[in-house]
Amino acid sequence: METQTQATPQTVLTLKNLKMSFGAKEVLKGVDLEAGQGEIIGYIGPNGAGKSTTVKIMLGLIEGYSGTVEILGEDIRSAGVGYKRHIGYVPETADLYDNLTAREYLTFIGELYGMTFEDADQKAQGLIELFGLKDVYNSRMTSFSKGMRQKVLLIASILHDPEILFLDEPLSGLDANSVMIVKELLEALARAGKTIFYSSHIMDVVEKISHRIVLLDGGRIVANGTFEDLKALNHEGSLEAIFNQLTGFDTQSETADQIMQIIQGVTRDD
Amino acid sequence: MVTDPQPSAEAPESLGSPEASESYGSHSVSPDADTLPPHKRKKNFSPFSILDRFAGLFTSAGVDYPVMRRILAIKFLMDGRKAPSVAGSQSGASGKSGNQFLKSLWVYGLMGIILIPLVLMGRNFMFQISAAMGIVLFMVMTSLISDFSSVLLDLRDRSIVLTRPVEGRTLTAAKTIHVLGYLLMITGALTGPSVIAGFIRHGAGFGFLYVWMILWMDLLVIVLTAMLYLVVLRFFDGEKLRDIINYIQIALSIAMAVGYQFVGRMFQFVDLEVTFQTAWWQFLLPPVWIGAIFEVLLNGGREPVLVAMAGLAAGVPVLAVVLYARGMRTFERSLEKLEQRGSKGSAKLGLGHRLSGLVCRTHEEALFFRFALNMIKTERDFKLRVYPSLGFSLIFPFIFILNSMQGSTWAEVTAGKSYLFIYFTAMMMPTILLMMKYSSSHKGAWIYAATPVGDMAAVYRGTLKAMMLRLLVPVFLLLSAVFLVIYGTRIALDLVVAFFSTMLFLMFCFRVLSKRLPFSEPFIAGRNAESGKMFPLTFGVGALGGLHYGATLVPYGTMGLLAASLLLNFYMWGPGFRRHLASKLERVDLTRYLAESQSGKSSLEREEGHGEDFADGHKKSPLKLGRSDRLKWRG
C-alpha cells in the first residue's frame, strides 16, 4: 500500500492519526492525510467507509474524535469557528431551507460567512445568471428541481471565495452541460490555488478530475496517490476496477449471476 | 387597585401583538420586503427592537448577536410561509399560510379563561397559583413538545448553519429565542385573561409577580424539554425520540378532550378552605414552588417549608438557564444521533401475517391487508390523527357511565343498560376512514398504477379489514372485557351484536365517504374537505345505539338484531361491496389520478361527482382551497 511521498507545495490541511468511534463502532481507525494548495483530491470509498465522518469532523460538526485536524495551520479543536470562513461545503444530503427564495438563501449564507448583504446579493445574482437560473432568483426553492437545488448549493459553497472546498456528490442531478461547467470550474479553482475535496461514487468522474485519489475503506486509508500511481501498483485499467480490487470486492459477476438465479427461480408461476 | 399591565407584560404581549405577527405574515405577501437587507427591514420588525435591547446580554454570554439576529430573521421568515408545521396541527384551521399560528392562539386564549376563576377565587395563593401554574406548565410544555420539537431538533440547521463560521452557541441561542418567541405568544394568550383579572383583583404587586413567574415558567419549560430530549437521546436513538414525541402529542390531544369533561366538575370539588399541607413530593413540583413564592411575598407566609419552596421558585430558573447554556453544547452534539440509522429490526413476520390468511379471502386482499397493517404501524402522522379517537373510545364510555351513576347505586348501574356506551368505539370509524387515504410517504402510491393490481375491491377490503383489526378490535376487546366484569356475562350477546353493528357502520361510512386510494395523498394540516360529513355520521352511531337499546326491550329483539346485522354485513362486505365500488371507480384513470393526487389536484372527486350527492360539497370544499393555496406558495 502506498502512502503519499511527494511533498505538497503549501499544506492547507493535515489530519494526524484521526480516530472516531460512535459507541462501540470504530468508524475512523487512524487516518493520516495532507492536502496542499491547488490540489483536487478525489476522496472515495465504499458506503460506510468513514468519508462523510471525516468531512464532518473537518467542518466541526462532530466532536469527540482523537488525533489532530489542522486547517490552514490551525488546530480546529482550539481554533474557534473562524477557519470555516475559508471553507465551502456541498453536503450530500442537499439540505437547504427551501421555503426561502434562492436570493434569500444565498444572501443569508453569504452573510453567515461575513459578507455584507449587498456584496453577497451581487455575487449571487451574477453566479445564478451564469448557472442559468436568472429567472428564478426570486422564486421559492420548493418549486426547484433537483438540479436547480444542486446549483444553488454549489453557488452557496463558492460565494465567499473559500480556500478549501468539500464537495459531496456535487454533480448529482445536474444536466450534462452544467456538469461540464462545474468540471471546468473545478480546474479553474485549482489553478487559483484552492484545495478541493471531491467525494463521489461515480468513479469515471473522479478518475478524470482528481489530481490525487485517496481511497478510504473500513476507516483506514488504503490508497493515496495519483491515478497513474494506483494503476501502476494494481495493474488495473480503470479506477472502478482499482476500487473493486482495493476494497476486496471481486464477486460482482458471481453476485449478478446469483441475482439472475433468484429472480428467475422465484417468479410466480401463475 | 387597577393598574396598567403594560410595562412588565411587554415582552410577551409585544411578541404576540397583532403588528408583530402581521410583520411575520407580511413577508409571505410582499417578496420585496423579504429580500431587503436586514438593517432596512429592521424598522417594521418590532420583536427585534425588543430583542436588540438585550444584545449586550447575549454578547456577554459569548453569542454573536448580529449573526443570531440574522438566523432568527430567516427562521421567522420561513415560518410565515410554511404550512402550519408550527402549531395548529390540532387547531383545525385550513388553508392560509402565516396567520395560521395566530388563529391557534385564540384557542389558547379561550382555554386561558379557565385560569380566571383560579386567580379571582380568593387569596389562598398556595392552592390557586399552584393549580393555575400547573395548568400553564402542562399546556405550554405539551405544546412545546408537540408543535415546536421540530425547531429544537432541526437537523438542517447543522449542515446549513454550523458548517459556516457560526458558533454552536449562537445557533443554540437563535433556536431558543425562536421557540421562546412562540412560547411567549402562547403563554401570552393563555394567561392574558388571568393576568388582567389578577391585576384588577389583587393589585399591581400580584400582577407583576404573576407575569414574572409565567416568564420563568417558559424558560423552565424549554430547559426541561431540552433535558428530556437529551436524556432520551443519550439512551435511545432518534427514531425512539420521534416515537416518544408522537405519543406525547397523542396523549396531549386525549388529555385536552378528557380534561374538558372534568373542568366543570373540578370547580365543584374546589374548597376555598383547603388548608395547605406540605409533603415532600411537593418539592418536585415547580408550580407549587411558585404558589409558595406568592404565599411568602403577598400573604406573609413565613413557614420554613414555604420559604424554601419560594427560594426554589426564585433560584431554580436561573440555575436552569445556566445549565442550559452549558448543556446545549452536549445537546447539539447528541442531535448527531438523530441522523444515525435505527436498529436492525426484527425478521419476524408478526401476527398480522398469519391473520391475513384467516380474515382475507383472496391472495390480493391478504396482500393489501398486510400492506395496510405495515403502513399504519410506523406512520406517525396517522397515529397522531387516529389514536386520539381510539383514546376517546376507551375513555368516553366510562365518563358517561360515571355520569349516569350520579343518583343511582352501583347495583342499579350494573343491572342497567349503560354498557351500550360501547358504541362509542364506532365513533372512531369515520376518522379512520378519512385518514386512510393519507400517508407521509404518499409518493410511493405509484405502485397502484405500475403493478398489475387487477382488483380494486381487494385493495379497499384488505385495507379496511386491516384498520378494523389493528384499531377497532383491540379497543373493543378491552372494553368488552371490562364490561363483562362490571355487568356480568348477561351482556355477552349484546357485545357481539354491538361488534357486528360497528362493522356495519364501518361499511356505511365507507359508502358515504369518498374513495381515494389508501395511503396515496399527503397529510394536509387542519380540516379535511369531508369533515362536514363527520358530524352527521356521529348521529349514525347514536342511531345504532338507540336501535340496539330498542331491541333489548323486545323479547328476542337482540337475537333478531344479530341476525339482521349478520345478514347485512354479509351483503355489504361481500357482493354489495364490489357492486358499490364498481359503480364508483369504473371511470377512474388510475395513472392520471395518481399524477394529479401527487401534484395536489384531484380528479377522482370530479369523476366521482357524476350524479353524486356530495359533488357540490366537494367543489366548495376547504380542501380545494387549502391545496390551491399550497400550490401558490410553491410559486
Side-chain angles (χ1 to χ4, degrees), chain A residues 22-23 25 48 52-53 55-56 58-64 80-101 103-105 107-114 116-118 120-121 136-144 153 156-157 160 166 168 268 270, chain B residues 27-28 31-41 62 64 66-67 69-71 73-75 77-83 85 97 154-171 237 329-330 332-337 339-341 363 452 630-635:
Chain A
F22 292 116
K25 199 173 144 207
S52 54
T53 305
V55 171
K56 280 183 179 172
M58 292 191 276
L59 284 162
L61 287 179
I62 297 180
E63 289 168 26
V81 293
Y83 78 93
K84 294 184 196 174
R85 215 169 283 257
H86 309 290
I87 292 182
Y89 174 49
V90 173
E92 182 200 10
T93 43
D95 286 326
L96 44 75
Y97 295 138
D98 58 6
N99 36 12
L100 296 176
T101 67
R103 184 186 195 187
E104 286 160 353
Y105 181 73
T107 51
F108 172 64
I109 298 297
E111 282 182 76
L112 288 184
Y113 279 123
T116 64
F117 177 89
E118 286 77 11
D121 189 32
V136 292
Y137 188 42
N138 281 311
S139 309
R140 299 202 187 150
M141 297 186 287
T142 34
S143 61
F144 281 22
L153 286 167
S157 73
H160 57 295
F166 293 109
D168 202 337
R268 267 169 55 183
D270 54 20
Chain B
H27 283 281
S28 52
D32 279 348
D34 301 345
T35 43
L36 283 179
H39 58 270
K40 285 185 190 153
R41 199 189 306 158
D64 187 342
V67 171
R69 199 176 183 288
R70 189 76 181 88
I71 297 172
I74 280 286
K75 291 280 178 187
L77 175 60
M78 289 194 287
D79 291 344
R81 290 177 179 170
K82 235 184 278 184
S85 83
S97 65
D154 194 338
L155 285 173
R156 287 187 308 177
D157 287 342
R158 288 173 58 78
S159 77
I160 295 175
V161 175
L162 281 189
T163 54
R164 272 78 200 200
V166 176
E167 289 275 5
R169 69 175 79 108
T170 304
L171 177 63
D237 60 359
R329 230 180 123 70
T330 328
E332 284 294 329
R333 206 179 306 154
S334 50
L335 283 189
E336 182 70 24
K337 241 184 148 178
E339 280 172 333
Q340 285 168 36
R341 307 278 170 274
H363 176 80
R630 251 186 0 175
L631 288 176
K632 228 186 309 169
W633 306 340
R634 286 195 187 141

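Residue numbering restarts at 1 for every chain, and letters A, B, ... go by the order of the sequence lines.
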- Does A/Ile87 offer a backbone N or O that forms a donor-acceptor pair with the side chain of A/Tyr113 under 3.5 Å? yes

- Taken to the nearest 0.5 Å, the spacing of A/Lys84 NZ from A/Tyr89 OH works out to 11.0 Å

- Task: Go through A/Val136, A/Thr116, A/Ile109 and name the one with the most non-hydrogen pairs under 4.5 angstrom from chain B.
- Result: A/Ile109

- Quick check: does any side chain N or O of A/His160 sit under 3.5 Å from a backbone N or O of A/Ala120, one acting as donor and the other as acceptor? no

- Query: What part of B/Asp64 gets closer than 4.5 Å to chain A, counting heavy atoms only: side chain, backbone, both or neither?
  - Reply: neither

- Message: Within this structure, what is the CZ-CG distance for the pair B/Arg164 and A/Leu59, rounded to the nearest 0.5 Å?
- Response: 9.0 Å

- Message: At a 4.5 Å cut-off on heavy atoms, which part of A/Tyr83 comes close to chain B: side chain, backbone, both, or neither?
- Response: neither

- Query: Relative to chain B, which segment of A/Leu100 carries a heavy atom at a distance below 4.5 Å: side chain, backbone, both, or neither?
  - Reply: both

